[in-house]
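The analysis underlying the following values was restricted to heavy atoms, covering all of them including side chains, and did not include hydrogens, waters or symmetry mates. So that the names make sense, note that chain A is the first sequence line, chain B the second, and so on, each numbered from 1.
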Protein chains: 2
Amino acid sequence: MKLSSKGQYAVRALIYLSYNSKENSVPVGLKEIAAGESISLHYLEQIFFTLKKAGIVKSLRGPKGGYLLNKKPSELFIGDIIESVEPIEITSCISKSKAKKECGRKSVCLAFDMWNSVSKKITELLNSITIQDVIDEYKQKKQI
Amino acid sequence: MKLSSKGQYAVRALIYLSYNSKENSVPVGLKEIAAGESISLHYLEQIFFTLKKAGIVKSLRGPKGGYLLNKKPSELFIGDIIESVEPIEITSCISKSKAKKECGRKSVCLAFDMWNSVSKKITELLNSITIQDVIDEYKQKKQI
DNA sequence: ATTTAATATAGCTTTTGAGTATATAATGCA
DNA sequence: TGCATTATATACTCAAAAGCTATATTAAAT
């Protein structure tokens with residue numbers, strides 16, 4: 001039961017972006033993020049393309065270009081970031097996407113409601129943490 | 001972010017076992033469980049082998065043999081079942097197993113503590129639910 | 001015009017999930 | 001005793017997905 005690297009990278013990259021962009025107004029290039037977080041540049045490009053489509057970041061092309069957060073770090077939730085690059089679904093039977101066909105055992109499955117409730121709680125947990133929270137905690141820890 | 005089929009099957013199979021074994025003293029064969037839950041028999045054998053090694057079930061060989069729960073359903077937690085067949089680790093960097101080498105970025109990683117805390121909370125969540133809870137809820141739902 | 005960096009696809013490689021296959025060992029029952 | 005039944009134990013296959021690479025193209029700043 002683990003998060004894919006896409007989800008992990010997206011979160012780490014956005015923390016980096018937020019932490020390293022002066023007042024969230026100076027765009028940060030992917031080259032810098034890739035180097036700073038040890039992530040493949042091309043792979044990161046794909047991830048940021050998705051993040052942009054989800055409205056989480058905005059981009060500036062050309063020299064001195066890069067990416068900017070579309071929201072304040074205190075309003076950007078870990079869960080929203082992850083959900084934009086991969087579904088947060090503990091089991092496929094609880095999927096809401098219409099592409100996936102419904103599980104036939106649903107009506108007789110003793111576990112279905114439990115999976116549903118667990119998945120919901122995990123989403124709530126991930127959406128109770130913002131990028132700002134993570135940064136604040138790190139700064140506090142560094143001081144000690 | 002999803003549970004592997006091993007984890008899902010293990011939980012479903014044990015709910016079935018608990019629900020269908022009279023007073024938890026009559027062993028239930030894998031053939032029956034496989035048919036009842038639409039799971040491949042051979043695959044289920046592997047899973048139950050693991051569950052036995054983890055001390056979650058005990059077995060009886062020969063005709064009329066099968067598996068029995070090693071604990072009362074009210075003392076058997078979803079999290080323990082899942083953890084016996086796959087690690088509950090949101091990221092590999094928080095792995096406790098010595099086989100996996102430690103992540104080199106750990107000391108400079110802003111996200112590490114957050115992953116750790118999230119993983120812990122998910123484990124707690126899964127260990128707040130017992131097999132008995134799931135069965136009780138199902139019975140209650142059926143009455144309405 | 002040239003450089004920098006994002007946009008957009010296409011394709012490759014490795015791992016793991018999921019399931020099969022097969023052989024052996026123990027037990028109950030006729 | 002011997003046969004059927006069920007668990008134990010490995011080893012192997014196959015497909016899909018994860019993870020990453022490669023290669024253009026497009027846009028903007030200087």
Side-chain angles (χ1 to χ4, degrees), chain A residues 1-10 12-13 17 21 26-54 56-70 82 85-87 89-93 95 99-100, chain B residues 1-10 12-13 17 21 26-35 37-70 82 85-87 89-93 95 99-100:
Chain A
M1 178 173 183
K2 67 177 216 288
L3 215 56
S4 79
S5 75
K6 251 180 193 150
Q8 294 184 41
Y9 289 172
R12 276 171 45 200
L17 179 51
S21 167
V26 181
V28 180
L30 289 189
K31 238 178 189 169
E32 183 190 336
I33 300 177
E37 289 291 323
S38 308
I39 300 169
S40 142
L41 174 61
H42 286 306
Y43 197 37
L44 209 54
E45 280 171 350
Q46 288 178 43
I47 293 167
F48 269 78
F49 182 56
T50 311
L51 289 173
K52 197 194 168 183
K53 279 192 293 185
I56 289 175
V57 294
K58 51 192 169 189
S59 64
L60 277 166
R61 290 181 157 204
K64 304 272 170 185
Y67 285 94
L68 286 166
L69 290 187
N70 224 348
I82 293 172
V85 296
E86 65 177 292
E89 283 162 358
I90 207 170
T91 60
S92 54
C93 61
S95 174
K100 220 167 270 177
Chain B
M1 178 172 185
K2 66 178 217 289
L3 214 56
S4 77
S5 74
K6 252 182 193 149
Q8 294 184 40
Y9 288 172
R12 276 171 46 200
L17 178 51
S21 167
V26 180
V28 181
L30 288 189
K31 237 179 189 166
E32 183 189 337
I33 300 178
E37 288 291 323
S38 310
I39 300 170
S40 144
L41 175 59
H42 285 307
Y43 197 37
L44 209 53
E45 280 170 352
Q46 289 179 43
I47 293 167
F48 268 77
F49 183 55
T50 310
L51 289 173
K52 199 195 168 182
K53 279 192 291 185
I56 289 175
V57 293
K58 51 192 171 190
S59 63
L60 277 166
R61 289 180 157 202
K64 303 274 168 187
Y67 285 94
L68 286 166
L69 290 186
N70 224 349
I82 293 172
V85 295
E86 64 177 291
E89 285 161 356
I90 209 171
T91 60
S92 53
C93 61
S95 175
K100 219 168 270 177

Checklist entry - Which letters describe nucleotides 22-30 of chain C, given B = protein heavy atom under 4.0 Å from base, S = only from sugar-phosphate, - = neither? => result B--BBBB--
Item to check | Nearest-nucleotide pick for A/Lys31, side chain only, options being C/dA5, C/dA8, C/dA6 | outcome: C/dA5
Checklist entry - For D/dT8, does OP1 or OP2 lie under 4.0 Å from any side-chain N or O of B/Lys52? => result yes
Checklist entry - So do B/Leu51 and B/Val85 actually touch side chain to side chain, heavy atoms under 4.5 Å? => result yes
Item to check | Length of the CG-P vector between A/Leu3 and D/dA18, whole Å | outcome: 12 Å
Next on the checklist: Using a 4.0 Å heavy-atom cut-off, does A/Phe48 contact any base of the nucleic acid, only the sugar-phosphate backbone, or nothing at all?
Outcome noted: nothing
Next on the checklist: Looking at A/Tyr67, I'd like to know whether one of its side-chain N or O atoms comes within less than 4.0 Å of OP1 or OP2 on C/dA5.
Outcome noted: no
Next on the checklist: Would you say that A/Ser59 contacts A/Tyr67 through its side chain, given a criterion of any heavy-atom pair below 4.5 Å between the two side chains?
Outcome noted: yes
Item to check | N/O (side chain, A/Ser59) to phosphate O (OP1/OP2, C/dA5) under 4.0 Å | outcome: no
Checklist entry - Would you say A/Val26 and A/Lys64 make side-chain contact, with heavy atoms under 4.5 Å? => result no
Checklist entry - Do A/Phe49 and A/Lys53 come close enough that some side-chain heavy atom pair is under 4.5 Å? => result yes
Checklist entry - If you measure from the Lys or Arg side-chain nitrogens to the Asp or Glu carboxylate oxygens, is any gap between A/Glu86 and A/Lys6 under 4.0 Å? => result no
Item to check | Spacing of A/Leu41 atom CG relative to D/dT21 atom P, expressed in whole Å | outcome: 10 Å
Checklist entry - Given atom CD of B/Glu32 and atom P of D/dT5, what is their separation to the nearest angstrom? => result 15 Å
Checklist entry - What is the distance, rounded to the nearest whole Å, between atom NZ of A/Lys53 and atom P of C/dA6? => result 17 Å
Next on the checklist: With a 4.0 Å cutoff (strictly under), does any side-chain N or O of B/Ser40 reach OP1 or OP2 of C/dT20?
Outcome noted: yes
Item to check | Distance in angstrom units between A/Leu44 CG and D/dC20 C1', rounded | outcome: 12 Å
Checklist outcome for this item: B/Lys6 atom NZ is separated from C/dG19 atom P, nearest whole Å, by 10 Å
Checklist entry - Would you say the side chain of B/Gln46 and the base of D/dT8 hold a donor-acceptor pair, judged only by whether the two atoms sit under 3.5 Å apart? => result no
Checklist entry - Which of these nucleotides, D/dA7, D/dA9, C/dG19, is closest to any side-chain atom of B/Tyr43? => result C/dG19
Item to check | Side-chain N or O of A/Ser5 closer than 4.0 Å to phosphate OP1/OP2 of D/dG19 | outcome: yes
Checklist entry - Rounding to a whole Å, what distance do you find between B/Ile33:CD1 and D/dA7:C1'? => result 12 Å
Next on the checklist: Using whole Å, what does the distance between atom P of nucleotide D/dC20 and atom CZ of A/Phe49 come to?
Outcome noted: 20 Å
Checklist entry - Among side-chain atoms of B/Gln8 and A/Thr91, is any donor-acceptor pair under 3.5 angstrom? => result no
Next on the checklist: Within the 4.5 Å heavy-atom criterion, are A/Glu37 and A/Leu44 side-chain neighbours or not?
Outcome noted: no
